[in-house]
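Comments concern the structure below.
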Amino acid sequence: MSKRSDLMTQGPGRAPHRSLLRADGFTDWEMDRPIIGIANSFNEIIPGHIHLDKLVDAVKAGVYAAGGTPVVFNTIGVCDGIAMNHEGMKYSLPSRELIADSVEIMAMAHPFDGLVLMASCDKIIPGMLIAAARLNIPSIFLSGGPMLAGKIQHIDTGLDKVFEAVGQFQSGKISAAQLTTFECSACPGAGSCSGMFTANTMNNLSEALGMSLPFNGSVPAVFAERTWLAKQTGIKAVELVKNDLKPLDIMTRTAFDNTIAVDMALGGSTNTALHVPAIAYYAGIDMTLKDFGRLTEKVPHLTSIAPAGPHHVQDLYYAGGIPAILAELQKHGLIDAGTATVYGKPLGEMLTEIDAGIKDSAVIRPVDKPVHPTGGLAILTGNLAPDGAIVKQAAVAPEMLQHSGPARIFESEEDAYQAIMENGIQKGDVIVIRYEGPKGGPGMREMLSPTSALAGMGRDKEVALITDGRFSGATRGSAIGHVSPEAAAGGAMAALQEGDIIEIDIPAKTLNVRLPDEALQKRLAALPAFEPKIKTGYLARYARIVSSADRGAVFPR
């Protein structure tokens, strides 16, 4: 059969191309096989990626074993934790499109027959899945796996507790030595941070989408099973090419609905409401924040994984992982088991073949005994967010599910964080951080530092926060993000004034400012034109073309 790679390996006219490939060390037989590009986002700064240079060898072994030829190339990656709370975070979300572009460029300039996409963290995962959707050549995703939880006084802990410890130290609850103990104990080694934060949420959801093998999201980075999985992923990549099974055969509307359903059961990061619609958009499927709202009422929340509870992703693995959640949802008619998967069989058949099921009901609850009767995320709408906003309701204290209070207005994350740390916020306040959206930021920074400071001070049960920016998956408390349209796009947040009463009702799914529509519209009409914060470079270009958050912060197709 003809292959894409024939464009660079076959016929007399390709002698110069083969000459260059021979310079790389390739033999005739390697050039005749299916050529599998391996997009590896290894670097030496992201803990989730620090070991990918070793894991890629297992993928290559699998490709060779199945009769293919592996070719490794690299992409960039940003560590959100290290980029947090400074200008670097403006570049995190925008890196997603750069990563997708770089994979597309490599796969088109060098016509690989298939792709293995390797990443562990945050924006790199959706960037690679976006590339798979756009290219639509046989592709499979492999995570580097979650980090093991750290230990402090024999209690499992993770990076979220270090951020919260900063607030505890600032408020005098712990000493400098105790803060150092958190710093040195929470992250014991390689892997994506150990809770159900954005990285691990996306890694696990890749299974529900059908783009990775079972347990891709939950086998710890340091386990031998991760190496086994990498070898099997390489084998499957060649099988996908031989069977001509492509991403758009797998990433259908039904598969995205399954993905959101699993997200609700997991109580995953609010950032999935950016990335899942974005992947769908580039796959030609219209999906917005409001699709999450449709499913959150239908699918119960089944796990209590950090930051919403005591468990970590390693516990999810031992409890049966995503296959167990899929099997439980399938029993109750909450997913469609007929969708295609990179496993090579429909989802339901795959679950039967691997004997999927709950192994520990303390970690994965059955549908009839959920943690919460509705999904872990909630979509709010109202005069402040006509196109939607999102909150991780599974991580909100009961007393903060309904809250009204005076707006405290901040034009940047830094200003809000300073006010929190200097005890400038009063009980009952609603912190408003605006002009931090995709266009206004630009780049829609995660804001783990202010929310963690509030939690560490014990104020997550007293103070709410709303923003057109976004939050880390490690955030807990009444933290409402992705307010759309954003302030920079003329959204209602731009018209808020100090002391306006904000009304939050998470059970009723509403977010409003207590103002008549006429007064709100009058304020909006009087606003000056938005002036970009950054006028040159990549972020300036990004701000000019990016959509608001409700559509996933995407570029025109």
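For the single chain, residues carry numbers from 1 onward in sequence order.
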Run the side chain to side chain contact (heavy atoms under 4.5 Å, CB included) test on Val463 and Arg408 for me, step by step, so that the C-alpha distance in whole Å, both residues' side-chain angles and the decisive distance to 0.1 Å come before the verdict.
CA-CA 11 Å; Val463 175; Arg408 297 295 312 281; over 6 Å; no
What do the steps show when you test Thr201 against Leu205 for side chain to side chain contact (heavy atoms under 4.5 Å, CB included), and what is the final call?
CA-CA 6 Å; Thr201 305; Leu205 292 187; 4.0 Å; yes
How many angstroms lie between atom [atom1] of [X] and atom [atom2] of [Y], to the nearest 0.5 angstrom?
{"X": "Ile99", "Y": "Glu104", "atom1": "CD1", "atom2": "CD", "value": "14.0 Å"}
{"X": "Ser143", "Y": "Met128", "atom1": "OG", "atom2": "CE", "value": "11.0 Å"}
{"X": "Ile125", "Y": "Phe141", "atom1": "CD1", "atom2": "CZ", "value": "4.5 Å"}
{"X": "Met8", "Y": "Ile35", "atom1": "CE", "atom2": "CD1", "value": "4.0 Å"}
{"X": "Phe169", "Y": "Leu179", "atom1": "CZ", "atom2": "CG", "value": "6.5 Å"}
{"X": "Glu446", "Y": "Met84", "atom1": "CD", "atom2": "CE", "value": "4.5 Å"}

With no hydrogens and no angle check, is any side-chain donor or acceptor of [X] less than 3.5 Å from a backbone partner on [Y]?
{"X": "Tyr282", "Y": "Phe555", "result": "yes"}
{"X": "Lys439", "Y": "Ala543", "result": "yes"}
{"X": "His482", "Y": "Gly388", "result": "no"}
{"X": "Tyr281", "Y": "Arg557", "result": "yes"}
{"X": "Asn40", "Y": "Met118", "result": "no"}
{"X": "Ser192", "Y": "Gly145", "result": "yes"}
{"X": "Lys90", "Y": "Gly441", "result": "yes"}
{"X": "Lys533", "Y": "Tyr435", "result": "yes"}
{"X": "Arg476", "Y": "Ala395", "result": "no"}
{"X": "Thr296", "Y": "Leu377", "result": "yes"}

Flag for [Y]-[X]: side-chain donor and acceptor within less than 3.5 Å:
{"X": "Arg96", "Y": "His275", "result": "yes"}
{"X": "Gln168", "Y": "Glu164", "result": "no"}
{"X": "Thr198", "Y": "Ser269", "result": "yes"}
{"X": "Tyr538", "Y": "Glu97", "result": "no"}
{"X": "Asn216", "Y": "Ser206", "result": "yes"}

Would you indicate whether the side-chain heavy atoms of [Y] and [X] approach each other to under 4.5 Å?
{"X": "Asn512", "Y": "Leu384", "answer": "no"}
{"X": "Pro307", "Y": "Phe197", "answer": "yes"}
{"X": "Ser218", "Y": "Asn204", "answer": "yes"}
{"X": "Phe471", "Y": "Leu465", "answer": "yes"}
{"X": "Ile390", "Y": "Leu274", "answer": "no"}
{"X": "Arg470", "Y": "Pro438", "answer": "no"}
{"X": "Lys123", "Y": "Met202", "answer": "no"}
{"X": "Ile504", "Y": "Ile466", "answer": "yes"}

Which atom names give the shortest non-hydrogen contact between [X] and [Y], and what distance separates them?
{"X": "His301", "Y": "Ala265", "result": "CD2-O, 3.3 Å"}
{"X": "His403", "Y": "Val430", "result": "CD2-CG2, 3.7 Å"}
{"X": "Leu55", "Y": "Ala230", "result": "CD1-CB, 3.8 Å"}
{"X": "Leu135", "Y": "Ala107", "result": "CD1-CB, 3.7 Å"}
{"X": "His51", "Y": "Gly191", "result": "CE1-N, 4.2 Å"}
{"X": "Asp460", "Y": "Gly477", "result": "CB-CA, 4.2 Å"}

Got a salt bridge between [X] and [Y], using NZ or NE/NH1/NH2 to carboxylate O under 4.0 Å?
{"X": "Arg134", "Y": "Asp101", "answer": "yes"}
{"X": "Arg551", "Y": "Asp286", "answer": "yes"}
{"X": "Asp257", "Y": "Arg294", "answer": "yes"}
{"X": "Asp429", "Y": "Arg459", "answer": "no"}

I'd like to know whether [atom1] of [X] has more than 12 heavy-atom contacts from other residues, nucleotides or ligands below 6.0 angstrom.
{"X": "Ile45", "atom1": "CD1", "answer": "no"}
{"X": "Phe530", "atom1": "CZ", "answer": "yes"}
{"X": "Asp24", "atom1": "CG", "answer": "yes"}
{"X": "Glu498", "atom1": "CD", "answer": "yes"}

Candidates Cys187, Ser472, Ser194 - the one meeting side chain to side chain contact (heavy atoms under 4.5 Å, CB included) with Leu159
Cys187
Just jot down the salt bridge (Lys or Arg N to Asp or Glu O under 4.0 Å) partners of Arg4, sequence neighbours excluded, or say none.
none
I would like to know whether Thr475 and Lys392 meet side chain to side chain contact (heavy atoms under 4.5 Å, CB included); could you show each step before the answer?
CA-CA 8 Å; Thr475 291; Lys392 192 169 187 173; over 6 Å; no
Report the C-alpha distance between Ile420 and Ile431 in whole Å, list the side-chain angles of each, state the deciding distance to 0.1 Å, and finish with yes or no for side chain to side chain contact (heavy atoms under 4.5 Å, CB included).
CA-CA 9 Å; Ile420 293 166; Ile431 299 169; 3.9 Å; yes
